[in-house]
Amino acid sequence: MDTRGEIERFLRTGDYDAHSGAWPGDILERERRAHDELRQALAMEVQRRTAGIGVPEKLQGLDVVALTRRKVEPMVRGLFPSAEQDAVLAVLERSVVFLTPANISQVLLKSSWLNTAWDLANLYLLSVGAELMGEDAPRILGLSEHTTCYVSLSYFDEESPFADFLVHEAAHVFHNCKRRTAGLPETRRREWLLDIDFRKRETFAYACEAYSRVLEVGDNRQARMALAEEYAACAAPSDERVSVSEVVELVREAAAARHGWKHILTRCAPQTRAVTHASATTVATTARRHGP
């Protein structure tokens, strides 16, 4: 397949030849040229599909840092010892990026991975009501990579009382970010901000998301438990990676517990040292799926 065919395949499916065989040069040159041209083609196609769309009024003058801190602070205060909270907040409060017409091209061109760039393109296209790149394009509202949380503009239109995908994506930073990145001491057994079982990462994020809303609305234990029951009646994450019943159980237990955040963390922690090591050696790109 020639370079044009490879570009068309990538735009349509997000797939690409890891060896960049359609491009000339040695392996390093082929890879560099392929990645540059694929990203550029993606950014241009997204711009073509969204021509004429401006930055929404809701984002003009918005203090994203202040919004992020307000949303994630209860979670950080509940999960980390007091001596570490300010350092973690400093990482999170500047981690959120809302994808807008003003920054989407730069985000796509600078993305670490081509498959992440394709997912981000579709996240943005979905948020502005534009045609997605392909039939199998992911329908996601947020995506986390390392310490950056990319969030859809749909955040400001979300109607579900228990949805907060800014908090959802921030929760993923805890297992993607090493302690030294936040300026915290690191040991062989304490490498990441939080040690979350690899199989429980989405469960942890969904539970944190719903519990944050329970805390935000419920001002006492009785109110929080009632809200947890409301959540149980309507919870249906459209995500095959999680068990809805498990997330509901976690939120119920957290609402009734004295230290709800710590309860969620304990339930999602690795059970053995072997699992701990396995989860600590993988930095995943994670996404909040479209849906309640």
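For the pair C149 and V173, the minimum side-chain heavy-atom distance is below 4.5 Å.
Between H263 and H259, the distance separating the two ring centers is not shorter than 6.0 angstrom.
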Mind running side chain to side chain donor-acceptor pair (under 3.5 Å) on H172 and E202 for me, showing each step along the way?
CA-CA 8 Å; H172 282 302; E202 286 301 332; 3.1 Å; yes
Test salt bridge (Lys or Arg N to Asp or Glu O under 4.0 Å) on R49 and E45 and set out the steps.
CA-CA 6 Å; R49 295 185 184 207; E45 180 60 18; 2.7 Å; yes
Taking it one step at a time, do R77 and E73 satisfy salt bridge (Lys or Arg N to Asp or Glu O under 4.0 Å)?
CA-CA 6 Å; R77 301 291 184 202; E73 188 166 8; 2.8 Å; yes
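With S111 as the partner, the side-chain contact (heavy atoms from CB on, under 4.5 Å) test is satisfied by one option alone out of T116, L42, T148, D119: T116. None of R199, R201, K200 except one satisfies the salt bridge (Lys or Arg N to Asp or Glu O under 4.0 Å) rule with D197; the exception is R199.
Side-chain atoms of S144 and E169 include a donor-acceptor pair closer than 3.5 Å.
Atoms CD and CG, on E57 and L62 in that order, are 13.0 Å from each other to the nearest 0.5 Å.
Under the 4.5 Å side-chain heavy-atom criterion for ILVMFWY residues, a single connected hydrophobic cluster contains both L123 and L141. Note on M225: it does not cluster hydrophobically with V247, by side-chain heavy-atom contacts below 4.5 Å among ILVMFWY residues. Note on V96: it clusters hydrophobically with L59, by side-chain heavy-atom contacts below 4.5 Å among ILVMFWY residues.
Ion pairing of E29 with R32 is present here, as a side-chain N (NZ or NE/NH1/NH2) and a carboxylate O approach within less than 4.0 Å. E93 has a carboxylate O that lies under 4.0 Å from a charged side-chain N of R69, or vice versa, which qualifies the two as a salt bridge.
The aromatic rings of F98 and F156 sit tilted, their planes meeting at an angle between 30° and 60°.
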